[in-house]
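Indexing begins at 1, ligand by ligand and atom by atom, following the structure's order.
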Amino acid sequence: MEKYVFIQTNELVHQIVKEIKELIEKKPTALLCIAGGDTPKPVMEKLVEASQNDEIDFSTCYFVGLDEWVGISKETDGSCYQTLDDYFFSKLKGVKPANICFFNGKATALDQECERINQFINKRQQIDYILLGIGMNGHLGFNEPGAEITKEAHVIELDMTTKQVMGKYFKTALPLEHGITLGLKQILNSGKIVLMATGEHKASMIAKIMNSEPTNQIPATLMKMAGSAVTLYLDQGAAQNL
Ligand code: F6R
């Protein structure tokens, strides 16, 4: 796992945008996955700008959701789908709705929902580029501490830390107990895995990840097993304890 620390957050964002641009030029039908949450929002903004300026053509790309809170979906402010839609999908030029496959956290048959997502990925063999944030407990997507490395999309019980942090996404408290997420197997199988962390509040978890052997108690450490396919991009705040 290569680690890069950027002096300016906008340089970090620029690097990721450049990688995605190069990938799409090489493979116009690339399958992309971008986490919800706050971390990737500046990247989404720059990707939208590049799309609007005709610098990146997303019209033949595919997109798969990383995760969703069980019990809510696109119509709820703060859901992963709404975040992606507001900041990204709805603003891209020429994207085909059929090319976007996102978890519906309100599906009655969640097993079938997982299967639908698995099939969408399997049809394209792998995710070409996955941009992940890192949870305060080291989670990736909703692969919480203890997550199994062999799993594809599945439903999980939210970890205590995730439940404490989730208030920042919602205007009112929601009684959410479960998440639905791509599994570590699908993440590790991606062509390019980018872990992005910004801000001092991530510094102690980043130091823990860097100093730990791969363990599913800190899911982000498992990305060390993906070798050169994985890159960790940090700003100075997130890197301050290294
Ligand atoms: C969100 C997601 C989560 C977040 C992580 C970091 O779709 O999958 O794993 O990426 O919790 O969240 P932020 O970026 O809000 O600090």
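Remark: Lys185 NZ is loosely packed, at most 12 non-hydrogen atoms of other residues, nucleotides or ligands lying under 6.0 Å away.
A ring-ring contact (aromatic ring centres under 6.0 Å, His included) check over residues 91-111, counting only residues at least two apart or in different chains, returns the pairs Tyr81-Phe102.
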Ligand 1: protein N/O within less than 3.5 Å of ligand N/O:
| residue | atom | partner | partner atom | Å |
| --- | --- | --- | --- | --- |
| ligand 1 | 7 (O) | Gly36 | N | 2.9 |
| ligand 1 | 7 (O) | Asp67 | OD1 | 2.7 |
| ligand 1 | 7 (O) | Asp67 | OD2 | 3.4 |
| ligand 1 | 8 (O) | Asp67 | OD1 | 3.4 |
| ligand 1 | 8 (O) | Asp67 | OD2 | 2.4 |
| ligand 1 | 9 (O) | His139 | NE2 | 3.2 |
| ligand 1 | 9 (O) | Gly141 | N | 3.2 |
| ligand 1 | 9 (O) | Gly141 | O | 2.9 |
| ligand 1 | 11 (O) | His139 | NE2 | 2.6 |
| ligand 1 | 12 (O) | Tyr169 | OH | 3.1 |
| ligand 1 | 14 (O) | Asp38 | N | 3.2 |
| ligand 1 | 14 (O) | Thr39 | N | 2.8 |
| ligand 1 | 14 (O) | Thr39 | OG1 | 2.4 |
| ligand 1 | 15 (O) | Asp38 | N | 2.8 |
| ligand 1 | 15 (O) | Lys168 | NZ | 2.7 |
| ligand 1 | 15 (O) | Tyr169 | OH | 2.5 |
| ligand 1 | 16 (O) | Lys168 | NZ | 3.3 |
| ligand 1 | 16 (O) | Lys202 | NZ | 2.7 |

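Two residues are said to be in side-chain contact when any heavy atoms from C-beta on lie closer than 4.5 Å; Leu184 and Met223 meet this criterion.
Stacking of Arg116 on the aromatic ring of Phe120 is not recorded, the 6.0 Å distance cut-off and the 45° axial limit not both being met.
Between Glu25 and Lys21 a salt bridge is recorded (basic side-chain N to carboxylate O distance below 4.0 Å).
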Evaluation steps, side chain to side chain donor-acceptor pair (under 3.5 Å), between Gln15 and Glu19: CA-CA 6 Å; Gln15 174 63 27; Glu19 289 173 9; 2.8 Å; yes
